[in-house]
Amino acid sequence: MSRPRPLAILGGTFDPVHHGHLRAAWEAAEALDAEVRLVPARTPPHRPPPVADASGRVALLRAALAGQDRLALDTRELDRDGPSYTVDTLASLRADIGPDRSLVLLVGADAFAGLASWHLWRDLFAFAHVGVLTRPGTTHPLSGELAAFIAGRRVERLQGPAGQVVDIAITPLDIAATAIRESFAAGGEPRFLMPTACFADEALLAPYRALGR
Ligand code: ATP
């Protein structure tokens with residue numbers, strides 16, 4: 001029997017989704033030969049509320065992901081009450097896929113450097129590997145606690161279902177949702193930073209356009 005592909009997840013606010021997210025997810029899918037799911041957060045801890053509500057962000061994600069099946073959408077955090085702790089999401093995914101399939105949490109290198117502040121962060125490794133999305137030429141120093149914990153877990157190529165750390169080099173695209181929201185707020189039209197499909201239905205963009213009124 002052939003092994004199932006690894007399952008990798010990229011969490012975020014996706015307010016709105018843009019080519020930086022999509023290209024990073026795509027390159028991770030290729031590097032790991034994985035299925036990648038984008039997992040929008042409902043109530044992200046430590047952040048102001050998103051401009052678009054959950055259904056609006058999901059609608060834009062669906063539009064962005066149409067026409068391919070390598071990247072998918074997973075709305076489990078939106079279906080859950082309370083804060084979206086990553087460790088809970090990974091436990092839920094692990095329960096769905098069983099103990100053997102490789103599960104990979106994708107995080108940017110900057111977020112990874114702050115991992116030791118996440119809720120129950122050591123437990124993440126019981127459920128999943130961590131794939132660190134790395135921009136060539138940039139470094140993010142790790143705290144002693146995190147460095148000590150991951151020493152011996154770093155690998156070139158993931159093996160087994162969970163517990164390791166791998167760097168995934170991605171093409172840097174200097175696109176951020178903050179800049180896209182600022183463009184809308186200034187009455188601009190941030191085309192080609194987001195998929196063209198996201199501009200096909202004005203109703204999907206209404207919360208962002210409203211920033212400019
Ligand atoms: P904001 O500007 O609102 O903070 P964002 O564009 O950084 O948003 P998030 O929804 O916070 O988007 O990001 C979700 C995930 O995608 C994070 O892990 C983040 O590191 C990653 N990401 C965001 N933008 C890029 C990019 N341009 N290239 C690679 N990864 C990105």
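Both counts, for ligands and for their atoms, begin at 1 and track the order of listing. Each residue takes its place number in the sequence, starting with 1. Worth knowing before you read on, the calculation uses all heavy atoms, side chains too, and leaves out hydrogens, waters and symmetry mates.
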Going by atom type alone, with no hydrogens or angles, which donor-acceptor pairs under 3.5 Å involve a side-chain atom of residues 136-150 and a protein atom two or more places apart or on another chain?
from: Thr138; atom 1: OG1; to: Arg135; atom 2: O; distance (Å): 2.7
from: Ser143; atom 1: OG; to: Leu146; atom 2: N; distance (Å): 3.2
from: Glu145; atom 1: OE2; to: Arg122; atom 2: NH2; distance (Å): 3.0

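- The shortest N or O to N or O distance between Gly12 and ligand 1 is not below 3.5 Å.
- Under a 4.0 Å criterion applied to the non-hydrogen atoms of Leu10, ligand 1 contributes the atoms 15 (C), 18 (O).
- Ser102 pairs by the side chain to side chain contact (heavy atoms under 4.5 Å, CB included) definition with Pro6, Val104, His129, not counting sequence neighbours.
- Taking every non-hydrogen atom of Thr178 and a distance limit under 4.0 Å, the qualifying atoms of ligand 1 come out as 1 (P), 2 (O), 3 (O), 4 (O).
- One hydrophobic cluster, built from ILVMFWY side chains closer than 4.5 Å, holds both Leu205 and Val51.
- Classified by interplanar angle (parallel below 30°, tilted 30° to 60°, perpendicular above 60°), the ring pair Trp121/Phe125 is perpendicular.
- The CZ atom of Arg37 sits 9.0 Å away from the CD1 atom of Ile9 when rounded to the nearest 0.5 Å.
- Of the possible polar contacts, one joining the Glu27 side chain to the Thr171 backbone as a donor-acceptor pair under 3.5 Å is found.
- Protein heavy atom in closest approach to atom 15 (C) of ligand 1: Gly11 O, 3.3 Å.
- Assignment of Leu133 to the shell around ligand 1 is not supported, since no heavy atom sits closer than 4.0 Å.
- In the vicinity of Arg181, heavy-atom distances shorter than 4.0 Å reach the ligand 1 atoms 3 (O).
- For ligand 1, one of its N or O atoms has an N or O atom of His18 under 3.5 Å away.
- Considering backbone and side-chain N/O atoms, Phe14 comes within less than 3.5 Å of an N/O atom of ligand 1.
- Salt-bridge check for Asp96 with Arg76: passed, with a basic side-chain N closer than 4.0 Å to an acidic carboxylate O.
- In terms of N/O distances under 3.5 Å, ligand 1 is approached by Ile175.
- With a 4.0 Å cut-off on non-hydrogen atoms, Ile170 touches ligand 1 through its side chain and not its backbone.
- Judged by distance alone, the side chain of Arg153 and the main-chain N or O of Gly163 form a donor-acceptor pair under 3.5 Å.
- Remark: the backbone N or O of Thr196 is not paired with any side-chain donor or acceptor of Arg191 at under 3.5 angstrom.
- Using a 4.0 Å threshold on non-hydrogen atoms, atom 23 (C) of ligand 1 counts as touching the protein.
- For atom 9 (P) of ligand 1, a protein heavy-atom neighbour is present inside the 4.0 Å cut-off.
- No single ILVMFWY cluster, assembled from side-chain heavy atoms under 4.5 Å apart, contains both Leu61 and Phe192.
- Counting heavy atoms only, Arg135 comes closest to atom 28 (N) of ligand 1 of the residues His21, Arg135, His19.
- In the vicinity of Ala24, heavy-atom distances shorter than 4.0 Å reach the ligand 1 atoms 29 (C), 30 (N).
- Considering only non-hydrogen protein atoms, atom 11 (O) of ligand 1 sits nearest to Arg47 NH1, 3.3 Å.
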